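Quick notes on the structure that follows.
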Amino acid sequence: MIAIVDYDAGNIKSVEKALQFLSEEPVVTRDKELLMKADKVIVPGVGAYGDAMGKMTQHGLVDVLREIAAKGTPILGICLGLQLFFDSSEECDGVKGLSLLPGKIVRIPDKEGFKIPHMGWNSIRINPESRLFQGIEDGSYVYFVHSYYLQAEREEDVAATTDYVVNIHAAAERDNVFATQFHPEKSGEIGLRILKNFIEL
C-alpha cells in the first residue's frame with residue numbers, strides 16, 4: 001500500500017491521480033497506524049514551510065514520519081515535501097524541519113532576467129548512482145515551481161541538480177529517503193517513470 005500524507009498542503013490530488021494512472025491505489029491519510037503499515041510513503045506539498053511544519057505538528061505527524069524513515073520504509077518528498085525533509089528553511093527562521101537528511105533550504109537569489117518563483121521546465125543532471133532516476137536520460141526536462149531550494153550538506157546525497165540563477169540540488173536520496181524539488185506528477189512521461197521507479201523500489 002502506498003500512503004500519501006495528508007497534512008492540509010496543496011497538490012495532494014495531482015500526486016494521487018498520477019499514481020492512479022500508474023495503476024496504483026494510493027491511500028490519502030494522516031492516520032498513524034495506516035502510515036506505519038504502508039509499503040511506501042509520499043509527502044507532497046505546495047505552500048509555506050512554516051505553515052506546513054505547523055500542520056505536521058498539529059496532526060502529530062512529525063514523529064510518525066521520522067519513525068517511518070528510521071524503520072526503513074521508502075519515503076518520497078515532493079516540492080515542499082523535499083524541503084520539510086531537511087533541517088531548516090530561510091523562509092521561516094527558527095522553525096525546525098523533519099531532519100531526515102542534513103541540509104538547509106535557502107532562497108533563490110534575485111538576478112536580472114530571472115523570475116522568482118522559478119516556474120517551468122528545466123533540464124536536470126542526474127547522478128548515475130541514483131535509484132530514483134534509473135532509466136532516465138541525463139538532461140531530461142522536469143517541471144519546477146519554487147522560490148527556495150535545497151543546499152544538501154552531503155554531496156553524496158544529491159541525486160540530481162539543475163541550474164537556475166545558481167546550482168540547485170533538484171533531488172536527494174540516501175538509503176530509503178528520496179526527495180525531488182520538482183513535481184514528477186506534472187513532468188509528463190519522465191515524471192511518471194520517476195514515480196514508477198519509487199513504487200518499484
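Here the structure is a predicted model, which is why all the values come from computation and not from measurement. Numbers here simply count residues along the sequence, with the first being 1. All heavy atoms count here, side chains included; hydrogens, waters and symmetry mates do not.
Q83 places none of its side-chain heavy atoms less than 4.5 Å from the side chain of L150. Proximity of M1 to E25: side-chain heavy atoms (C-beta onward) are nowhere separated by under 4.5 Å. Using a 4.5 Å heavy-atom cutoff, the side chains of N11 and E185 are in contact. Contact check for S88 versus K96: no side-chain heavy atoms found under the 4.5 Å cut-off. Contact check for L61 versus L35: side-chain heavy atoms found under the 4.5 Å cut-off. Side chains of S147 and H118 form no contact here, defined as non-hydrogen atoms less than 4.5 Å apart. Side-chain contact between I2 and V27 is absent, with no heavy-atom pair separated by less than 4.5 Å.
Residues Y141 and Y149 do not share a hydrophobic cluster, clusters being chains of Ile/Leu/Val/Met/Phe/Trp/Tyr side chains in contact below 4.5 Å. One hydrophobic cluster, built from ILVMFWY side chains closer than 4.5 Å, cannot hold both I12 and Y49; they sit in different ones. Under the 4.5 Å side-chain heavy-atom criterion for ILVMFWY residues, a single connected hydrophobic cluster contains both I68 and F86. I78 and F182 fall within the same hydrophobic cluster, where Ile, Leu, Val, Met, Phe, Trp and Tyr residues are linked whenever their side-chain heavy atoms come under 4.5 Å apart, directly or through other members. The hydrophobic clustering, which links ILVMFWY residues whose side-chain heavy atoms are closer than 4.5 Å, places Y148 and Y164 apart.
Contact detail for A9 and G45: the closest heavy-atom pair is CB-CA, 3.9 Å. L82 approaches A170 most closely through the heavy-atom pair CD1-O, 4.4 Å. Taking each heavy atom of A3 and A38 in turn, the nearest pair found is CB-CB, 3.7 Å. Of all heavy-atom pairs spanning G97 and R66, the tightest one is O-NH2, 3.1 Å. Taking both residues in full, the closest heavy atoms of A159 and S130 are given as CB-OG, 3.9 Å, listed atom of the first, atom of the second, then distance.
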Next on the checklist: Assess the residue pair D51 and D8 against the criterion (side-chain contact (heavy atoms from CB on, under 4.5 Å)); give the C-alpha distance rounded to whole Å, side-chain angles, the decisive distance to 0.1 Å, and a yes or no.
Outcome noted: CA-CA 10 Å; D51 290 347; D8 299 326; over 6 Å; no

Checklist entry - Between I168 and H146, does a side-chain contact (heavy atoms from CB on, under 4.5 Å) hold up when you go through it step by step? => result CA-CA 11 Å; I168 286 170; H146 64 125; 3.9 Å; yes

Item to check | Stepwise side-chain contact (heavy atoms from CB on, under 4.5 Å) test for K32 and E67 | outcome: CA-CA 10 Å; K32 178 181 177 176; E67 213 175 310; 4.0 Å; yes

Item to check | Evaluation steps, side-chain contact (heavy atoms from CB on, under 4.5 Å), between S14 and K186 | outcome: CA-CA 8 Å; S14 55; K186 293 182 178 175; 4.2 Å; yes

Item to check | Evaluation steps, ring-ring contact (aromatic ring centres under 6.0 Å, His included), between Y7 and H59 | outcome: CA-CA 7 Å; Y7 61 106; H59 295 311; 8.4 Å; no

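Rounding to the nearest 0.5 Å places CD1 of I42 at 10.5 Å from CD of E16. For the atom pair L84 CG and S89 OG, the distance stands at 9.0 Å (nearest 0.5 Å). Between F144 atom CZ and W121 atom CH2 the span is 10.5 Å, to the nearest 0.5 Å. Taken from NZ in K40 to CZ in F178, the straight-line distance is 9.5 Å, to the nearest 0.5 Å. For the atom pair CD1 of I4 and NZ of K13, the computed distance is 8.5 Å after rounding to the nearest 0.5 Å. Atom CE in M53 sits 10.0 Å away from atom CG in L80 (nearest 0.5 Å).
Remark: the S99 side chain and the D87 side chain contain an N/O donor-acceptor pair separated by less than 3.5 Å. A donor-acceptor pair shorter than 3.5 Å cannot be found between the side chains of N127 and E173.
Under the 3.5 Å distance criterion, the side-chain polar atoms of H169 are left unmatched by any main-chain donor or acceptor of T161. Panel note: side chain N176, backbone T73; a donor-acceptor pair is recorded below 3.5 Å. Side chain of R174 to backbone of D157: no donor-acceptor contact under 3.5 angstrom is found. Remark: the backbone N or O of I126 is paired with a side-chain donor or acceptor of D138 at under 3.5 angstrom.
Crowding of E137 atom CD: a count of heavy atoms from other residues, nucleotides or ligands under 6.0 Å not exceeding 12.
Under the 4.0 Å criterion applied to side-chain N and carboxylate O atoms, K104 and E153 are not assigned as salt-bridge partners. A salt bridge between R125 and D163 is present, with a side-chain N of the basic residue lying under 4.0 Å from a carboxylate O of the acidic one.
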Side-chain donor-acceptor pairs of residues 187-201 under 3.5 Å, sequence neighbours excluded:
from : atom 1 : to   : atom 2 : distance (Å)
S187 : OG     : Y143 : N      : 2.9
S187 : OG     : H183 : O      : 2.6
R193 : NE     : N197 : OD1    : 3.3
K196 : NZ     : E200 : OE2    : 2.6
N197 : ND2    : L132 : O      : 2.9
N197 : ND2    : Q134 : O      : 2.9

For a quick test of your reading: what N or O donor-acceptor pairs under 3.5 Å do the side chains of residues 107-115 make, sequence neighbours left out?
from : atom 1 : to   : atom 2 : distance (Å)
R107 : NH1    : D110 : OD1    : 3.4

